[in-house]
Amino acid sequence: GHLVGVQRRAVEEMEEVKEEGEEMDVNDCGGGGLEVVRVLVVDDSPVDRKIVEMLLRRSEGIFDVVSVDSGKKAMEVLGLNEIEAKPPNHDDQKIDIVLTDYCMPEMTGLDLLKAVKANSSSRSIPVVMMSSENDSERISSCRAIGAEDFILKPLQVKDVQRLRTYTVPIGPMSKRGSKRKLPMALIAKSNGERHAPPR
Amino acid sequence: MALHVSSAPPISAFHHLLCFFFHDTYPEMEYASSLQRQLASMKKNLFDQGYLDEQFYQLEELQDESSPNFVEEVVTLFFRDSSRLVANIDQALQKYPQDFRRLDNIMHQLKGSASSIGAAKMKNECTSFREFCNKENREGCLRSFQKVKKEHAVLKQKLENYFQLLRQDGPVDKATRSGN
């Protein structure tokens with residue numbers, strides 16, 4: 001009854017947003033509204049994936065989420081897998097930003113970051129690291145390789161809201177990906193300072 | 001006959017009025033509000049006794065009409081995943097010589113998931129275990145792991161009870177639906 005009606009309205013609203021997104025030029029930065037940002041979430045923890053997916057989906061409809069459970073699968077999505085190479089501008093795999101866990105088996109988040117930054121077709125894609133460990137060496141090494149930010153888990157609403165800023169182009173001739181590198185969140189320096197989460 | 005209305009009508013008058021207007025639903029309303037009190041009390045205890053922390057509230061904030069069971073889904077997923085990790089640690093502890101690095105890796109995953117759902121006591125026990133791992137103290141690991149398993153089991157039971165009660169509570173409008 002009531003719940004079905006609410007769900008139907010939610011689906012209708014999502015479809016409207018999707019239609020608007022499809023009509024817009026993805027490179028349009030003339031102030032015609034917010035573009036949908038496609039985020040590739042990489043995390044071997046099913047619990048953390050589910051929570052991050054929900055955080056992204058609840059962020060005012062500006063994120064489209066693709067999530068995988070390993071660095072290897074992330075490479076496939078990004079078209080960096082040597083065996084199954086995909087065209088770099090293949091629409092279905094167009095990723096605007098990568099949000100990856102640091103600690104993963106086999107291929108770590110750091111390995112993934114290195115691979116993304118080593119490849120000319122993916123180098124411009126911003127990569128944001130997540131970790132439950134507040135390790136200054138880890139943060140520094142990620143920054144040195146080109147990570148946009150390093151976020152402590154568990155993620156909060158403000159953390160995902162800030163993701164969008166890493167993909168906003170500066171001007172009409174800018175390519176996807178931010179040329180303006182925001183300062184890395186030096187969480188180690190600030191000694192774990194964090195806004196109080198809302199109730 | 002003039003009806004004398006005092007400035008502070010007795011509670012019994014309201015009780016009769018409620019029974020008159022909601023004659024079929026008043027018992028349901030009482031039941032619903034009793035259920036809500038139980039739920040509130042249960043949740044308060046979970047926090048006061050340190051089983052849950054602020055992160056659990058964060059999950060609740062993410063729940064909405066389009067995902068009305070989000071918290072329960074996450075918790076269910078947690079216990080499925082954590083049971084697997086606990087079994088892996090159990091197996092790894094039986095091996096000799098002990099691979100402390102592997103033990104630490106698995107416990108790191110368990111601690112991370114526990115932290116993500118706000119399972120504070122579990123998280124703390126996982127931290128203790130990892131400290132014993134770092135010191136390659138097998139006896140310490142074994143003792144600590146018993147505590148991890150205990151906290152895991154206790155939390156599982158408490159949250160199962162909580163969500164069972166929550167399901168009985170249902171959407172708010174059920175409480176005011178008239179009976180037949």
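In what follows, every chain begins at residue 1, and chains take the letters A, B, ... in the order their sequences are listed. As a basis for the values below, the full set of heavy atoms in this structure was taken, side chains included, without hydrogen atoms, waters or symmetry mates.
Between B:Leu59 and A:Met54, the closest side-chain pair of non-hydrogen atoms is not below 4.5 Å. No side-chain heavy atom of B:Glu61 sits under 4.5 Å from any side-chain heavy atom of A:Arg58.
Counting non-hydrogen atoms of neighbouring residues, nucleotides and ligands closer than 6.0 angstrom, the CD atom of B:Gln94 exceeds 12 such neighbours. For B:Arg101, the CZ atom counts as loosely surrounded, since its 6.0 Å shell holds 12 or fewer non-hydrogen atoms of other residues, nucleotides or ligands. Enclosure of atom NZ in B:Lys149 by more than 12 non-hydrogen atoms of other residues, nucleotides or ligands within 6.0 angstrom is indicated.
Between the OG atom in B:Ser115 and the NZ atom in A:Lys153 there is a gap of 9.5 Å [rounded to 0.5 Å]. In this structure, OG in B:Ser67 is found 7.5 Å from NZ in A:Lys50, a value given to the nearest 0.5 Å.
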Test side-chain contact (heavy atoms from CB on, under 4.5 Å) on A:Ile51 and B:Gln58; report intermediate values, then the result. CA-CA 10 Å; A:Ile51 295 172; B:Gln58 296 300 310; over 6 Å; no
For the pair B:Gln109 and A:Met104, evaluate side-chain contact (heavy atoms from CB on, under 4.5 Å) and give the outcome as yes or no after the intermediate values. CA-CA 9 Å; B:Gln109 292 177 61; A:Met104 293 187 291; over 6 Å; no
Start with the C-alpha gap between B:His108 and A:Cys103, add the side-chain angles, then the distance that decides, and say whether side-chain contact (heavy atoms from CB on, under 4.5 Å) holds. CA-CA 9 Å; B:His108 167 77; A:Cys103 291; 3.7 Å; yes
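Options B:Leu77, B:Leu62, B:Asp64 differ in how many heavy-atom pairs under 4.5 Å they form with chain A, and the most are formed by B:Leu62.
Neither the backbone nor the side chain of B:Glu60 comes within contact range of chain A, judged by heavy atoms closer than 4.5 Å.
B:Phe132 and B:Leu85 fall into different hydrophobic clusters, where Ile, Leu, Val, Met, Phe, Trp and Tyr residues are linked whenever their side-chain heavy atoms come under 4.5 Å apart, directly or through other members.
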